[in-house]
Structures are given as structure tokens and as C-alpha cells.
Amino acid sequence: MKYDAQRVEAKWQTQWEETDLFKVHEDPDREKYYLLEMFPYPSGKIHMGHVRNYTIGDVVARYKRMCGKNVLHPMGWDAFGLPAENAAIENNTHPGEWTYRNIDYMRSQLKRMGFSYDWDRELATCDPDYYQWEQLVFLKMYEKGLAYKKKTHVNWCDKCQTVLAKEQVENGCCWRHQDQEVVLKEMDSWFFKITAYAEEILEQCDRLPGWPERVLTMQRNWIGKSRGAIIRFPVAGSEEQVEVYTTRQDTVFGATFMCFAPEHPMLKDLVRGTEQEREVLEFVERTLKVDSYIRTADFTVKEGVFTGRYCINPATGEEIPIFVANFVLFDYGTGAVMAVPAHDQRDFDFARKYGLRLRVVIQPEDEKLDEDAMTGAYEGEGRLVNSGSFNGQKNLEALDRIAEWLESEGIGHRTVNYRLRDWNISRQRYWGAPIPIIYCDACGTVPVPEKDLPVLLPMDVEMRSHGGSPLPFEPSFYETACPRCGGAARRETDTMDTFVESSWYFDRYACPDYRQGPLDPARVSYWMPVDQYIGGIEHAILHLLYSRFYTRVLRDFGYLEVSEPFTNLLTQGMVCKETQSCPTHGYLFPDEAKDGRCARCGDEVVLGGTVKMSKSKRNVIDPQEMVDRYGADTVRMFCLFASPPERDLEWNEQGVEGSYRFLNRVWRLVTDNLDALKASAVFDGEGELAEPFRSLHRKTHRTIQKVTADIEDRFHFNTAVSAVMELMNDISRILGEGPEPGEEGWPVMREALEAAVVLLSPVVPHITEELWSLLGREGNLLGVPWPRYRREALEVDTRTVVLQVNGKLRSRVEVRADCGREELEKAALSDERVRKFIGEKPVKKVIVVPNKLVNVVV
RNA sequence: GCCGGAGUGGUGAAACUGGUAGACGCGCUGGACUCAAAAUCCAGUGGUACUUUGUACCGUGUCGGUUCGAUUCCGACCUCCGGCACCA
């Protein structure tokens, strides 16, 4: 009987579906386990990255289920987003139509992989049943001040008539219109006040032991907490004051000029009517034109312009000039900085460039700084000088004292600052959840009343061929009555960032059919938090941070009991492949290169590096093709076997062949011996066995032990699979060389083969179901309890002990397993080869590690 | 620049708390089966040297250190990958 993957997989997938095998219900009597993989964007078809991610998840889900847990393993679609709009314009269709078509196809692909999802919980974020709850939460956030509107600067493409995300700006131009310069436009945007939770989110980074350290580090850096002080500098000849944020208030006596961000709101008033006005405004305009990415890149030259105005250093009483500079960030701190050129390299460079003075306020212990001779800033520690009553104090100790003094003098105060900024959720896009707000000339900004939710995204719209949202051109959508006064009013036409949808989809999986509110308290409290979350490292910051924020918002509204959504996080590596290119035709798809030559021109193919699979590099393998050729089980197995999950996976066709070969071997070992196996019982562990069956029995239990530990403790499926391969090697060696197993041997054979089938079942669920049933077993493997190893079976009579002389391996001996220290030492010293290496030298010391080694030091 | 992570055969990788480096797979070499090929099976496979049975030496990015013993711990450096980066 030949292994026919297509037949076997179709058979069992049908059986699983017909018996609702993957359906899960809340059951308070059983321990729950919530396993989640990041849901995909329905871009068209699944790619290898999805396959790897979801295979890893499926193994864990199936394993936990066999361990007796009540496992929630859902799947859905991150279905809003810009690609749908672009595809719609390109193919002259509707984003919704395109999206749902993709979902249908990708769902069939996931089913073809044999993943154990409870499809009854499937959700798509573009469904009003989903996004209406987001609108409700928005209203509550608006009420609490957690959602607010403010002016902000955005990247704007005039041709698209829309805002561009950072990654859509290429060399300062629109990604779609290379000739269209992106402009920085001031625009009203809706924000979520994530900064209100910055401290809590940061603090709890220390209490997420199940997260990779590097993800936590990235989140901490992103939040970027710093302690410092706000200091107020009065503007000379004015009642106004300028606030600066500094972490170095110990150097305040050394501040000899001030720099403003170009966006600083005081700037225009400050220069009005001065000689410098024109120059400053020109500088501001020029600087703001450059997109913020370029402006803050390290290759951009620091420059600035004198404003013609001065402010007073409140510590020294001295007048210092005010500049506007391109490197000062408007949205960090206060948008203005005090410059201390003697002790900050950036300020130093700026001062030298514009001929500004320095004042040393920190003297190091071992050298004497001279303001005129300095070639760089001194950023180290030392004692304060030129600092009034603080002279002589160590600068680090003075940090606190100066802060106190600033507070007592009323010129400043201590503060904590975060790099994290509030989350801009406004998108001038069509394919997203509408923001439930109405603008009325009489009443201003009015939230849509709860009873009027959802604000449906209109489906009968004409997409605009040059891009941009059709909503502002759709009177049937935006024309409405003011809920307060009943007068004519206009709806908000911005939609929400799609990261909002992905910030709570995992909660909704617990109760996707709930209609009384966003979340069913009973079901959500049973399932949440997610026990294991699995996805790509590329979401380490934004998605995970937003989810942690939104979870807290839902908690504070009483919808959720948990603060942290994901207890354990596994970030899997990328799927990579080497690139191939031809001198004339550029990058080649794998099937465009035959035998090292370009299929089109016959030129020799140039092999490039092994990098992440991407369409642009054409180094992609379509999972569908692999499944058609080898079956889902082979693809799943290769994804797990080639490397541990957190590392990158290098796709290698010959490796896939290897996995396929192994499955064929397993198939043959069972089917070729089916009659003898079926006729035999399973060895029950009772009674003494003769070799080689005694060893095989031991190997079986060692394999159970190893596979269990590899999956349970560290998700190292590659070594788990290796262990089963070793067991199979032992089995075939015995069958090939040994005597006919006979009455004693077959039960042990059956035990070994059945263990292999069960242990492999989370990895390759179809072939194992078939073999299980061929072996005469009833029911699905998911219902079989995960095997436990028997301690007695692991026991051995003898062990190999390594003998070393001066730490070098010289010999080995077989000793009884319970051999004592003295006996071991004696055995080592009497070993012929050990004695040869000891020679005439006196033995200084003997180190004995029972069951492991003896090291003789001479 | 700062913060993470990683460097092991021809190759993907193992070695879980310092104790036999290279499990398992791929590739390669030789053999069996076959008219032949494919498939399958068996054996070998880190390097160098030799007296080629075997034995010795070297070997986990580099250089040092701790230790009876280091891929594992410590210090310095090099390379690669990821993140952040004029953050005041």
C-alpha cells in the first residue's frame, strides 16, 4: 500500500469537518488553554510565513488538547486596510468584494493545511458586527477624554488626496507617485491617549516573564521614560515664558542659548515685526517641507537661524539668544531645548557653527576644561563650577538639589517625560471603521448617540481612480442631522487605524456571536488571557503595545478582568530563501532558473544571499504548490524540522524531500508489518524482555520523555521530530537485522510504532490518523491522551563512563548503573589506556562524576 | 552611537543546570537490488598527520582569563542580523 498524501488528507479533513472535531465550548470544570496565532491580512493567498506560524500554533493546540486541556484555537481576518482599496482601483472592483473573495480562498487554504481551528468563531474585522463595538468603545473613550482631537502634522500626497503612513513615503515622495513630493500638512486628527497608560504599561513589562526579553526591551525603549525637569525661561522684553524639558538640570548655569522646534507655536509671535522675521519663516517653511523621517535622519545637517529675540537664563539672569533649529523635535518634551554647548556634543557643534559662547559648569577631576580650547563637549561627571551656590558639588548629586532649588524659586519643577506619543487613529481612508462623530455648526463636535450605532460604512460607493477616500464625496454618507439640535450636520469621514481592530480581536473570539455588547463577561472571563500568542517579531512594538493599551481601556470600562492580554509570547523567525538573478532579467522566480541557468536567456544564474521571502526578490515558494506536490503533512513537518521556531527558517527543497521520505518510511514500517502488528497486543511493561526488545522498549519511553519535554518546555519541535526519527531508525534496524520479533517482540514493536504515531500526530495529523486507524484503533488521535513515559522503562543496567586524563578523553568503560565513586575511581585507574597516559607521573587528584566521567589529574 | 540576538562540519542544525562536540536531516562517496534508471535499503562522511588496522594532534568567530574540565561562565575585540536613533 503506497502512501497517498492527497487521498489520506482529504479523507481525514472531511471526517474532522463532519464530526465538528475542532469545536470548543466553555467548560468551567476543565482547565482552559487559549492558543492564538496572529490573524492574517486577507491579501489573496497564504504565504510560507503564515504556514510556519500556524503550523507551530497547531502543534501546540493539538498537544495541549491531548494533554486534556480545553483548548481555544480560533482564526479570523484582519480585513480592513489600504491594500483592498488599491486592489479595488486596479481591478475595478469593490474593496469589500475583493476582501471577502480573498477570505474565502484563504480559508480553504488553511483548511487544506489541516489546522485545528474552531471555524464557528471566525470573524472578519470589516464586518459591522465586529466594528460596531469598536465605535461604542470609541464613544466611551471620547466621554472619558481618552479619545480626543488635535491638530497635527501629517505626510500628505496631493495626488492621492490622502495621508501617507511613514512607510509609504519613499525619498520624500509618494510611493505611488514618485514625482509627487510629500508635504507636511497640518490636519485635525483623532488620538487615543495611550500616554495615560504609559507608566502602567512600562511597569508591567517587568511582570511578563513569558515574553522574550528583546520584545520587552523594544517596548521599554519605545515608551522611553526619562526623569528631568521643566524649566521656564522668561522672554526678554515680553511677559511670555518658554518652557524647556531637560534631563540635565545640573547644567542649567551653562545654558548659553535656546533652540525652538520649527513647529513651536510661540515662534510666529516672537519674530513678528523683527528683522529676522522673513528669514525665520523661510527657514521654518523649508524645514517643514522635508518629511520628518529625512529631517531627523543622521545624515541631515544640523542647522538653525537666529530669531532676533533673547530669553533670560533664570539661573544666571543672563540674556541668551533664541534660535530655531531643524533638529529640535516638536513632539518630544516641550518643543524647545536649552543648549549647553560645553556639555552636550550636539549643542557644541551648533555653537561652533554659529559662533556662540560656551560656559563650562562641570570640571572633571583629572583635567582642566578651557572654554576656548575645547574641541568637543565634556559629557562626563565632575564638580560644578560657575554655578552659584552649587559650586563644588558633584554634578550627579546636584541634579536633585538643583531641581529642588528650581521648584523653590518657582522657575521650574521636576517631571517625568515619555518618548511615547498619543496614538493617531485618524485615517483619510475608505476601507476602515467609521469614527462615530458628527460635526454641527451650532453644537460643534457631537458624538453619535449609542442607539444610532453602528455607523455603517456605505458599500455602494464609487472608488476614486487616483486614490483617496470616497467618503468626503458621498453626501448620502456624510450628510446627517445633528443629534443634539436636529440641524444639518456633517459626519466625520475619517476611519480608524486598522491597529484598533487588531487590539481586541482576541477578546472577541471568546464570544463572536454576542449581541448585547462587545464582550460576553462570562465567556471572556473564562478564556482570557491568551495563554500563548504566536506571531512575527515585526509586531513587537506597535500591535503588541496597542493591544496592551486597549486591553487596559476595556478593563477600566468593565468589559474585561485582565490587564495583560498575552501571558506567553513566541516570536517566530522569518522564512527565508536564497535569491537567484540573471544579469539581463534581474531577480528570477525559482521556476525561472533551471539547472543554474536563466530559463529565458540561458545565462548563468547568480546566487544571492538567503533573505526573507518576498515578491520583490522573487525568492518565494507558494505553499499551495508544495501542498499539491507533497501534501500538507510534509510541508508542516519541514517547517518544524528545519530550525527551532524563533530562528529564521531557510527553505530548502531537498529538505522537504527529506521530510517526505521520512513520512514514507513511517508509512511503510506500519503498513508492511500490519498483519503482525494487528495480531499482537501492545506491550504492557510487565516481565523481563530480551535484547533487542528491551532496548527498544527503553528507547520508546525515552522518546516519549524527550518529545514531551521539547514541546512543553521550549517549543523545540525540530529536536522532537529528530527523537522520533531515532526511534524509527531503531525499529527498522531491528526489523532489518534482528530475528523475527515473534510473540515477545511484536508487542514491543507495536508499542514503539504506536508511540511514534501518537507523538507525531500534532505535527502530521493526517498520516497519523490513517495509520492509527489502520492499526485497528478507533477514534481520533486528538482524543488519545498524550502518552506518559514509564520511569521503570528508562532504567539501565550499565552506563558508559568517560575516562579522562588531565581533561582529555582517553577511554571509556561500561559499568553498572549504580556503581559507586570508589569503584569508579578504581576502574579508571586500572584502565589500560588511562595507565598509559598517566605513565610515571604521580596522580594529583581524581574527579568522579557518577554515571558520567572520571578525570585523573596528573 | 545605544539596546537586543547570533556566530559550531560541505549544509540546516544538536549538545536542556560547565562533564563523550557535531544527535537528527540534507548533500556527497561507495555498495546492494535492477537489463537499466528511479524509488528503496546498507555502509562511510569535521580537519591534519602518520606506520592509514589504528593512533596522535587540532577543532564551536578572534584573543585572553576562571576551572581538573569551557560551545556553555568572565573580560576585550571582530563579523552578521534585528530594533531605536539629533530624545534635550
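Below, all heavy atoms of this structure are taken into account, side chains as well, without hydrogens, waters or symmetry copies. Throughout, protein chains are lettered first and strands after them, A, B, ... in sequence-line order, and every chain is numbered starting at 1.
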### Message
In whole Å, I'd like the distance from the CG atom of A/Asn806 to the C1' atom of B/rA70.
### Response
16 Å

## Note on the structure
A/Trp222 atom CH2 is separated from B/rG82 atom P, nearest whole Å, by 17 Å

### Query
Given the P atoms of B/rA14 and B/rG9, what is the spacing between them in whole Å?
14 Å

### Query
Just wondering, do A/Leu696 and A/Met749 contact through their side chains at under 4.5 Å, heavy atoms?
yes

### Query
A/Asp250 has an atom CG; how far is it from atom P of B/rA88, in whole Å?
13 Å

### Query
Is it true that the side chains of A/Thr579 and A/Asn619 contain a donor and an acceptor less than 3.5 Å apart?
no

### C1' spacing across the pair B/rA15 / B/rA70, given as an integer number of angstrom
13 Å

### Task
Can you spot which of A/Ile402, A/Asp250, A/Val361 makes a side-chain contact (heavy atoms from CB on, under 4.5 Å) with A/Asn395?
A/Asp250

#### Entry: C1' spacing across the pair B/rC74 / B/rU67, given as an integer number of angstrom
12 Å

### Message
Checking contacts here: which listed nucleotide (B/rA23, B/rC87, B/rG27) is nearest the side-chain heavy atoms of A/Tyr332?
### Response
B/rC87

### Message
Please give the distance between the C1' atoms of B/rA13 and B/rA85 as a whole number of Å.
### Response
35 Å

### Query
Do A/Arg357 side-chain atoms and A/Thr256 backbone N/O form a donor-acceptor pair below 3.5 Å?
no

### Heavy atoms of other groups near A/Lys353 NZ, more than 12 under 6.0 Å
yes

### Message
Measure CG/A/Asp331 against P/B/rA88 and give the value in whole Å, please.
### Response
14 Å

### Query
If we take the C1' atom in both B/rU79 and B/rC26, what is their distance in whole Å?
27 Å

### Message
Looking at A/Asp633 and A/Ile767, would you say the former's side chain and the latter's main chain have a donor-acceptor pair under 3.5 Å?
### Response
yes

### Query
If we take the C1' atom in both B/rC84 and B/rC68, what is their distance in whole Å?
46 Å

### Task
Determine the interatomic distance between P on B/rC73 and the same-named atom on B/rG54; round to the nearest Å.
37 Å

### Task
Please confirm whether the backbone N or O of A/Arg810 pairs with a side-chain atom of A/Arg833, one donor and one acceptor, at under 3.5 Å?
yes

### Query
Given the rule that a pair is Watson-Crick or G-U wobble with both distances under 3.5 Å, how would you write RNA chain B in dot-bracket, using | for pairs to a different strand?
(((((((..(((......[....)))((((((.......))))))(((((...)))))..(((((..]....))))))))))))....

### Task
Report yes or no: does A/Arg419 contribute a side-chain atom to a donor-acceptor pair with the main-chain N or O of A/Tyr332 at less than 3.5 Å?
no

### Distance, rounded to the nearest Å, where A/Gln654 contributes CD and B/rG12 contributes P
13 Å

### Task
Please tell me if the side chains of A/Leu663 and A/Val764 come closer than 4.5 Å, counting only heavy atoms from C-beta onward.
yes

#### Entry: Close side-chain approach of A/Ile231 to A/Met338, heavy-atom, < 4.5 Å
yes

### Query
For A/Glu646 and B/rA6, what is the distance between atoms CD and P respectively, to the nearest whole Å?
10 Å

### Task
Return the value, rounded to whole Å, for the distance between atom CG of A/Asn652 and atom C1' of B/rA13.
12 Å

### Query
Taking C-beta and beyond as the side chain, do A/Thr800 and A/Arg812 meet within less than 4.5 Å on heavy atoms?
yes

### Query
Quick one: what's the B/S/- string for nucleotides 14-21 of chain B, heavy-atom cutoff under 4.0 Å, read 5' to 3'?
SSB--BB-

### Task
Considering only atom C1', compute the distance from B/rG46 to B/rU8 and round it to an integer number of Å.
10 Å

### Task
Could you run through nucleotides 41-61 of chain B and give me one letter per nucleotide, 5' to 3': B if any protein heavy atom sits under 4.0 Å from the base, S if only the sugar-phosphate is that close, - if neither?
S--------------SSS---

### Task
Please evaluate the base of B/rC86 for a donor-acceptor partner in the side chain of A/Lys302 within a cut-off of under 3.5 Å?
yes

### Task
Report the distance from atom CZ of A/Arg702 to atom C1' of B/rC24, rounded to the nearest whole Å.
14 Å

### Task
State which of B/rA23, B/rG4, B/rC87 makes the closest approach to the side chain of A/Arg214.
B/rG4

### Nearest-neighbour nucleotide for the A/Val857 side chain, B/rG83, B/rC86, B/rC68 considered
B/rC68

### Query
Under 6.0 Å between the ring centres of A/Phe638 and A/Trp651?
yes

### Task
For A/Met218 and for A/Glu650, locate the closest nucleotide of RNA chain B by heavy-atom distance; then report the residue assigned to the nucleotide nearer the 5' terminus.
A/Glu650

### Message
For the aromatic rings, using the six-membered ring if either is Trp, is the centroid distance between A/Phe662 and A/Phe641 under 6.0 Å?
### Response
no

### Query
Side chain of A/Asn729: nearest nucleotide among B/rC24, B/rG27, B/rA88?
B/rC24

